[in-house]
Amino acid sequence: MAEKPDFKVFYDRNLDRVYRYVFFRVGCRQEVAEDLTSEIFIKALKAFDRYDPEQSQSAWIMTIARNTLINHYRDRKEEVDVDALANVLPGVDGRVEIERREKSIVLERALATLSAHERQLIELKYLLGYGYQEMAKQMSKSTAAIKMETHRIMKKLRAVCISLSENSGK
C-alpha cells in the first residue's frame with residue numbers, strides 16, 4: 001500500500017475541484033459554496049484515516065461533497081439573501097446581466113440535449129477538473145476513447161449552443 005499523503009497536500013490538490021463542484025450546485029452563491037466546501041473538508045479531515053489514494057485520487061472527497069450537498073438541500077429552508085439582491089439593484093449594467101443570463105439559459109438547454117452519460121463526461125472534465133486518465137479509469141475505458149468521446153460531445157454541445165442562440169434571436 002502506498003504511503004498516504006498528508007492532509008494539506010490532499011486539501012491543496014482537491015480544493016478547487018470541490019469548490020467548483022459545490023459552487024455550480026448552489027446557484028453560484030459564493031458564500032454558500034465557501035461554507036459547504038469548508039464543511040466538506042472538515043468531514044474529510046475527521047475521516048482522513050480511511051482515505052486510500054490507490055482507490056482514487058478524488059472520488060473519496062467528491063463522495064463526501066455529494067453527500068454534503070444532499071444533506072444541505074434536504075435540511076435547508078427557503079430564505080432570501082438580501083446581500084445577493086444587491087447585485088441586481090440599480091448600478092448594475094442590465095444589458096450585461098441579461099446577456100449573461102441568456103448565455104446561461106442557452107447552455108442549460110444545450111446540456112439538456114445530452115444523454116446522461118454525455119453530461120457525466122462533460123461534468124467530470126470541465127466542472128470537476130478530472131484528467132482524461134482518471135476519467136478513463138473511473139469509466140473503465142481507454143484514455144484515448146474518453147478523449148475522443150469528450151471531444152465529440154463538446155463539438156455537439158457547441159453546435160447545439162450556436163443553433164439555440166441563433167433561434168433565440170429570431
Side-chain angles (χ1 to χ4, degrees), residues 10 13-41 43-44 53-76 78 81 84 87-88 92-170:
F10 174 82
R13 184 181 304 133
N14 290 286
L15 176 62
D16 187 54
R17 178 180 295 167
V18 170
Y19 178 78
R20 282 184 287 143
Y21 176 79
V22 172
F23 181 76
F24 288 108
R25 281 164 180 74
V26 296
C28 301
R29 295 186 328 229
Q30 182 178 355
E31 189 173 302
V32 175
E34 289 171 356
D35 290 346
L36 286 171
T37 301
S38 294
E39 184 179 329
I40 289 162
F41 279 101
K43 289 177 182 179
E54 290 184 8
Q55 293 288 42
S56 172
Q57 294 295 313
S58 60
W60 182 76
I61 190 68
M62 296 313 292
T63 300
I64 294 171
R66 187 183 75 243
N67 291 339
T68 301
L69 276 168
I70 289 168
N71 292 340
H72 168 73
Y73 280 111
R74 183 192 66 222
D75 297 342
R76 82 178 182 141
E78 285 300 315
D81 183 0
N87 292 330
V88 293
V92 172
D93 185 345
R95 293 169 298 187
V96 172
E97 181 64 20
I98 289 170
E99 186 176 316
R100 186 191 65 75
R101 287 185 184 187
E102 286 175 353
K103 287 179 181 179
S104 179
I105 289 168
V106 166
L107 182 58
E108 284 180 33
R109 288 182 180 158
L111 287 169
T113 67
L114 300 178
S115 70
H117 173 73
E118 291 171 329
R119 280 192 309 273
Q120 180 184 20
L121 286 175
I122 296 303
E123 181 176 288
L124 288 172
K125 180 66 181 159
Y126 297 102
L127 210 58
L128 301 178
Y130 279 56
Y132 289 115
Q133 192 170 15
E134 194 170 9
M135 291 170 62
K137 186 176 181 182
Q138 186 172 344
M139 307 292 275
S140 300
K141 291 185 175 185
S142 72
T143 303
I146 292 294
K147 281 182 182 179
M148 182 57 71
E149 197 171 354
T150 305
H151 174 75
R152 287 181 181 149
I153 295 166
M154 284 303 294
K155 190 173 180 179
K156 174 181 174 181
L157 194 57
R158 278 187 204 100
V160 172
C161 282
I162 290 169
S163 174
L164 289 171
S165 293
E166 289 171 352
N167 290 334
S168 69
K170 293 180 179 177

Please identify each residue that fulfils salt bridge (Lys or Arg N to Asp or Glu O under 4.0 Å) with [X], with sequence neighbours left out.
| X | value |
| --- | --- |
| Arg20 | Asp16 |
| Lys156 | Glu118 |
| Glu39 | Lys43 |

Please find the pair of heavy atoms, one from [X] and one from [Y], that lie closest to each other, and give the distance.
| X | Y | value |
| --- | --- | --- |
| Tyr130 | Lys125 | O-CD, 3.4 Å |
| Thr150 | Tyr126 | CG2-CE1, 3.9 Å |
| Leu114 | Leu157 | CD1-CD1, 4.0 Å |
| Val18 | Ala65 | CG1-CB, 4.3 Å |
| Ala44 | Ile61 | CB-CD1, 3.5 Å |
| Ala110 | Leu164 | N-CD1, 3.6 Å |

Under the side-chain contact (heavy atoms from CB on, under 4.5 Å) rule, collect the residues that match up with [X], sequence neighbours excluded.
| X | value |
| --- | --- |
| Arg158 | Met154 |
| Ala136 | Thr143, Ile146 |
| Ser140 | none |
| Arg152 | Met148 |

What pairs with [X] under side-chain hydrogen bond (donor to acceptor under 3.5 Å, both in side chains), at least two apart in sequence or on another chain?
| X | result |
| --- | --- |
| Glu123 | Arg25 |
| Asn71 | Arg74 |
| Thr37 | none |
| Asp35 | none |

Got [X] and [Y] here, is their nearest side-chain heavy-atom distance under 4.5 Å?
| X | Y | result |
| --- | --- | --- |
| Val32 | His72 | yes |
| Glu34 | Tyr19 | yes |
| Glu149 | Met139 | no |

Could you measure the distance from the [atom1] atom of [X] to the [atom2] atom of [Y]? Nearest 0.5 Å is fine.
| X | Y | atom1 | atom2 | value |
| --- | --- | --- | --- | --- |
| Met62 | Gln138 | CE | CD | 10.0 Å |
| Ile153 | Leu111 | CD1 | CG | 11.0 Å |
| Glu31 | Leu36 | CD | CG | 11.0 Å |
| Asn14 | Tyr21 | CG | OH | 13.5 Å |
| Leu15 | Ser38 | CG | OG | 8.5 Å |
| Tyr132 | Leu121 | OH | CG | 10.0 Å |

Problem set entry | By ring pair (Phe, Tyr, Trp, His ring centres under 6.0 Å) - contacts of Phe41 (at least two apart) |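 Tyr11.
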For this session: Kindly indicate, with the supporting measurements, whether the criterion salt bridge (Lys or Arg N to Asp or Glu O under 4.0 Å) is fulfilled by Glu134 and Arg17.
Result: CA-CA 14 Å; Glu134 194 170 9; Arg17 178 180 295 167; 3.8 Å; yes
